[in-house]
Protein chains: 2
Amino acid sequence: MESLKKDKTLKERKRGVRRDPEANRQLLIKATLDTIADIGITDTSVSRICERSGLSRGMIHLHFGGKDKLLTEAAQQFSAEYYAEMDRMTDLGLHSSPEDRIMAVVGADLSEVLLNPRSTKIWHAFRGIASSHPGIARYSSTQDHKLVDTLLEAFRELGEQNGYDPDLAEDATSGTLALLEGMWVNYLTDMQSFSREGAGALIRRFLGGLYPGCF
Amino acid sequence: MESLKKDKTLKERKRGVRRDPEANRQLLIKATLDTIADIGITDTSVSRICERSGLSRGMIHLHFGGKDKLLTEAAQQFSAEYYAEMDRMTDLGLHSSPEDRIMAVVGADLSEVLLNPRSTKIWHAFRGIASSHPGIARYSSTQDHKLVDTLLEAFRELGEQNGYDPDLAEDATSGTLALLEGMWVNYLTDMQSFSREGAGALIRRFLGGLYPGCF
DNA sequence: GTCACTAATGGACGATCGTCCATTAAATGT
DNA sequence: ACATTTAATGGACGATCGTCCATTAGTGAC
């Protein structure tokens, strides 16, 4: 599968549009993420990235000005892709019940599209070096994003409808995200025995406890 | 504080017992963990570790046989220290109520002894490279340890006492650990605004939802 | 005091790191 | 068609990587 990708790349470069800076930029970012997922961020070097992308070693400096900048852009793009997919999978039923909207977020986060070997490895690799790479740290948090507002709003609405303490919504939001973080860790630690359904059921159970009668 | 440690080390070597292989081993492991917490695991090299420990560059190969082995032993020791501290902080009241025992685990995990800048940075650094370092992966999980049994037993007892579904205990255990994982991530992401009390209260709230009338 | 033994040193080694740039190739403008 | 501009190459560069080992220094036995 990997060598197939490489061949496709090379062929495109031989016959199609022969110079495409933007495509090469993207190719380098993708190669970076793939390399991190494959051999770990410690062994992800400029040479290895270029090798995988099929481009020459000078390209990174040309397009990004250095390895660190490339890493930062890769983290940014990876984060953006996560949220784009999350939006795509949850925006569909906007006028559904708060429970459904919340569980849609949970389900999306636990789905194979978002939670897979590649993404968990990359995600945790970036988080692991975030404390020493300020540029990357900006993209290794779930906490300051639209996603929080989505959940918060849904929980508020749910609480309002059923007469629960309004400030419960904040804890519910924060707790839901924390539970999901924990599930990702479980998945990373043991992909074999991880159950998406089990993880979803667990979170539903916790939320059902917080909002009795719902979920 | 750091140069002070170094001086102390040097002085000990000058006047006290002048050759102490085991002490140097420990010194190297400590220097490794400190370096990871300080400059990140990417920049943690043999030279940097030796520099910090005040020992010569050959020591790592002499005592551990290579950098990877040292890293693995450091991860192992770090993990062991975590569980030792956890035991120390929770074994005190063995015959107390299940709720208290559970919240003791939560409180310990959120206490400054276990949850601090150094430990979170090291923990996440190791986890970030775990997928590509099988030796380290063994020590980057909370899931296969005595701690699980402690919680499981307490939740079972709690369920029994109050007439709850016994299989709730497994979800409660797994969820509690997941929530704690999430709290560690929150702490790593934003140490300034993190509140230990808030985090503890949130978890208590979730558990109170699962076991109404308790917590 | 001498000898055997182990701990510890610090530099040599080849490999690889990330950066940079002179050169080549392709696209664009005239 | 040729000149100009931009994309892309691939090797040179010094620095640093991790490993290894000949050497030195400290320790204990006799």
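Here the structure is a predicted model, which is why all the values come from computation and not from measurement. Lettering of chains follows the sequences in order, A, B, ..., and the numbering in each one begins at 1.
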Side chain to side chain donor-acceptor pair (under 3.5 Å) contacts touching residues 39-50 of chain B (sequence neighbours left out): B:S47-B:R57

Nearest-nucleotide pick for B:V46, side chain only, options being D:dG18, C:dC17, C:dA8: D:dG18

Of residues 68-76 of chain B, the positions that come close to DNA chain C - non-hydrogen atoms, cut-off under 4.0 Å: none

Distance below 4.0 Å between A:S45 side-chain N/O and C:dT16 OP1 or OP2: no

Rounded distance (Å) that lies between atom P of D:dG26 and atom CG of B:L55: 14 Å

Atom-to-atom span, CG of A:D43 to P of D:dG18 - whole angstrom: 11 Å

A:S47 side chain near C:dC17 phosphate (N/O to OP1/OP2, under 4.0 Å): yes

Contact list for residues 102-113 of chain B, test salt bridge (Lys or Arg N to Asp or Glu O under 4.0 Å), sequence neighbours left out: none

B:E51 CD to D:dG18 P, straight-line distance once rounded to whole Å: 13 Å

Integer-rounded Å distance: D:dT9 C1' and A:N24 CG: 12 Å

Residue pairs, two or more places apart or on separate chains, that pass ring pair (Phe, Tyr, Trp, His ring centres under 6.0 Å) and touch residues 124-153 of chain A: A:Y83-A:H145

Whole angstrom value for the distance that separates C1' of D:dT9 from CD1 of A:I49: 18 Å

Contact list for residues 169-178 of chain A, test side chain to side chain donor-acceptor pair (under 3.5 Å), sequence neighbours left out: A:D171-B:R205

Between P of D:dG18 and CE of B:M59, the distance in whole Å: 17 Å

For the student: nearest non-hydrogen atoms of B:S140 and A:T189, plus distance: O-OG1, 4.4 Å

Minimal non-hydrogen separation, B:R101 against B:S96, with atom names: NE-O, 3.3 Å

Among C:dT9, D:dC17, D:dT9, the one nearest B:S56 by side-chain distance: C:dT9

Protein-nucleotide distance (A:H63, atom NE2; C:dG18, atom P), rounded to Å: 18 Å

Parallel, tilted or perpendicular: ring planes of A:Y82 versus A:W184, cut at 30 and 60 degrees: perpendicular

Protein-nucleotide distance (B:R25, atom CZ; C:dT6, atom P), rounded to Å: 17 Å

I'd like a list of close polar pairs between nucleotides 20-24 of chain C and the protein, N/O only, cut-off under 3.5 Å.
unit_1: C:dC20; atom_1: OP2; unit_2: A:H61; atom_2: NE2; d: 3.1

